[in-house]
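To start, the structure under review is shown below, and the notes come after it.
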Amino acid sequence: MSRYDEAKNIYSNFGVDTDKAIDALKNVTVSVHCWQGDDVEGFDSKESLSGGIQTTGNYPGKATTPNELMQDIDKAFSLIPGKKKLNLHASYAIFEDGKKADRDKLEPKHFEKWVEFAKERGMGIDFNPTFFSHPMVKDNLTLSSPDEEVRNFWVNHGKCCIKIAEYFANETGKSCVLNIWIPDGYKDIPADRFSPRYRFKKSLDEILSVPYDKDKVYVTLESKVFGIGLEAYTVGSAEFCLNYANEKGITPLMDNGHYHPTEMVSDKISSMLLFHKKIALHITRPMRWDSDHVILFDDETKEIAREIVRCDALDRVFISTDYFDASINRISAWVTGVRNVQKALLYALLQPNDILNKMQNDSQFTRLMVMQEELKTAPFGDVWEEFLKSENMNSDYLTEIEKYEKEVLLKR
Ligand code: RNT
Ligand code: ZN
């Protein structure tokens, strides 16, 4: 009997069908962030990374041109099983013949190369306006700035991005998630918390006044609790973003690095699903702060996945990754993190949820604890290997990456 067959038997004793779990996982799309490949630098500006986010590390071989980034994405994606989507930021615009356009003048044509790239690979594209790493970010403010010139510049950027998102959806035939996140905030105690939020609301209203097809473009709004240098106050707080999303019928996005450390996104998912058709996630690994470490197969990642599966919401949650580690091989960081999201999903799909729910409802809390604990040591690894095998992959991706590092990355 193969290891998988044995695992299948063991899981069936728990009331779980492993083949079904593998099939379900094959249908889940993970939107993979392009910015792990170049430490969130992008191609449109020489400005260093700003917005209260930070990459640390200086591992050699990072992508510095569109071609290098595409080559690295190809390498990473060749080692990531399952369905993938490419998640781009506006700062990754590609300007031909040195014809640069500023962020408030971006057009679909500046993303033609990416569309070509995605289409050739049968992938959809998600998108993000880039409200950071740019000289028009004044005093850490964009859409909430009291300076109308600054605020308008960024409103126009948002408007351009809606059109580009629609272009992506039309070209790829797959809907595009357009995620708005602004870094705006203050390092120290502000005198006025109301007006910046008032202006942010007004700016969002202006951006969303651009007509767009709501079946093709899903606008999401990402909240945050604080950023580096923005410790005292964040304009786009959880309350702001959630209320705004509710009022305007757009989709809330939760990044699990954007809450106080004991606040868990896994616990928020069920509530959010009760009040929204769709929700969006940035899966990351905060370590003491929003440090954006590579996603591990850890408890919170598993719990997030379990919530999605238990709420029967795989088709209602836009799952994307958001982390950036410059201290290790960037391709490996990509593959490890995205595979861990998929591992967590498979792990979640291998839970006998009906049985466990019944135990909860029947107040069988002893049995519930014992079964949940016993499931932790069930032969999950063999089911994961079977999934990889069905995707013509295996658990050794590092050999290939080390070869690529020697032959490609170190020669850059
Ligand atoms: C920052 C947010 C945001 C960014 C990306 C690059 O704290 O998480 O999503 O990480 O847009
Ligand atoms: Zn994020």
Side-chain angles (χ1 to χ4, degrees), residues 30-45 47-56 63 69 85-93 103 125-134 137 140 142-143 154 157-158 161 164-165 176-185 219-231 233-238 240-241 245 251-261 263 265 268 279-295 300-301 304 317-326 330 333-334 337-338 341:
V30 179
S31 181
V32 181
H33 61 308
C34 75
W35 51 92
Q36 164 55 43
D38 72 335
D39 311 342
V40 209
E41 279 186 9
F43 310 124
D44 75 335
S45 147
E47 293 269 314
S48 56
L49 182 60
S50 75
I53 53 179
Q54 213 160 67
T55 42
T56 52
L69 187 61
K85 222 175 160 186
L86 177 62
N87 198 2
L88 290 178
H89 241 285
S91 51
Y92 291 79
R103 297 234 180 115
I125 305 178
D126 290 333
F127 197 43
N128 305 260
T130 311
F131 296 102
F132 52 83
S133 307
H134 189 282
V137 181
N140 299 315
T142 64
L143 292 177
W154 292 108
H157 176 55
C161 288
I164 295 163
C176 174
V177 174
L178 178 73
N179 178 47
I180 298 178
W181 169 72
I182 60 162
D184 299 33
V219 177
T220 66
L221 186 61
E222 179 179 11
S223 66
K224 191 162 177 173
V225 64
F226 82 94
I228 299 178
L230 304 159
E231 287 84 359
Y233 168 80
T234 298
V235 181
S237 61
F240 178 96
C241 292
T251 302
L253 185 145
M254 297 187 291
D255 177 313
N256 62 304
H258 291 190
Y259 297 87
H260 291 284
E263 228 186 315
V265 162
K268 299 176 188 294
I279 64 167
L281 298 178
H282 270 183
I283 303 187
T284 186
R285 179 166 52 108
M287 195 178 283
R288 309 186 198 287
W289 63 288
D290 183 34
S291 60
D292 290 295
H293 280 67
V294 177
I295 301 161
E300 175 58 0
T301 310
I304 288 173
V317 182
F318 296 117
I319 301 172
S320 46
T321 49
D322 179 15
Y323 56 84
F324 20 96
D325 193 333
R330 292 173 185 80
W334 247 324
V338 181
V341 171

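We number each residue from 1, following the sequence as shown. Atoms considered below: every heavy atom in the structure, side chains included; atoms not considered: hydrogens, waters and symmetry mates. Remember, it's 1-based here, ligands and their atoms both numbered in the order they're listed.
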Output the list of atoms in ligand 1 that are nearer than 4.0 Å to some heavy atom of [X], sorted by atom number.
{"X": "His89", "value": "5 (C), 6 (C), 11 (O)"}
{"X": "His282", "value": "9 (O)"}
{"X": "His258", "value": "1 (C), 2 (C), 7 (O), 8 (O)"}
{"X": "Lys224", "value": "1 (C), 7 (O)"}
{"X": "Ile53", "value": "1 (C), 7 (O)"}

Are any of the N/O atoms on [X], whether in the backbone or the side chain, positioned under 3.5 angstrom from an N/O atom of ligand 1?
{"X": "Asn179", "answer": "no"}
{"X": "Asn128", "answer": "no"}
{"X": "Trp35", "answer": "no"}
{"X": "Asp292", "answer": "no"}
{"X": "Asp290", "answer": "yes"}

Discussion item. To check your reading of the model: name the closest protein heavy atom to atom 4 (C) of ligand 1, its residue, and the distance in Å.
Written reply: Asp322 OD2, 3.6 Å
Strictly below 4.0 Å, N to O, side chains only: are [X] and [Y] in salt-bridge contact?
{"X": "Lys268", "Y": "Glu263", "answer": "yes"}
{"X": "Arg330", "Y": "Asp38", "answer": "no"}
{"X": "Lys224", "Y": "Asp290", "answer": "yes"}

Item to complete: Would you check, one step at a time, whether the test ring pair (Phe, Tyr, Trp, His ring centres under 6.0 Å) holds for Trp289 with His258?
Response: CA-CA 8 Å; Trp289 63 288; His258 291 190; over 10 Å; no
Discussion item. With the threshold set at under 4.0 angstrom, would you say His33 reaches ligand 1 through any of its heavy atoms?
Written reply: no
Worksheet, complete the sentence: Nearer than 2.8 Å to the Zn ion (ligand 2), the protein contributes N, O or S atoms numbering 4
Worksheet item: Knowing that exactly one of Phe132, Trp181, Phe127 qualifies, which makes a ring pair (Phe, Tyr, Trp, His ring centres under 6.0 Å) with His89?
Response: Phe132
Practice prompt. State which residues pass side chain to side chain donor-acceptor pair (under 3.5 Å) with Gln54; sequence neighbours excluded, sorted by chain then number.
Written response: none
Worksheet item: Mind checking whether His157 and Phe131 have parallel, tilted or perpendicular rings, split at 30° and 60°?
Response: perpendicular
Worksheet entry | Val225: side chain to side chain contact (heavy atoms under 4.5 Å, CB included) partners, not counting sequence neighbours | His260
Worksheet item: Can you name the side chain to side chain contact (heavy atoms under 4.5 Å, CB included) partners of Ser320, sequence neighbours left out?
Response: Ser31, Asn87, His282
Worksheet item: Can you tell me if His33 uses its side chain to pair, donor with acceptor, with the backbone of Leu88 under 3.5 Å?
Response: no
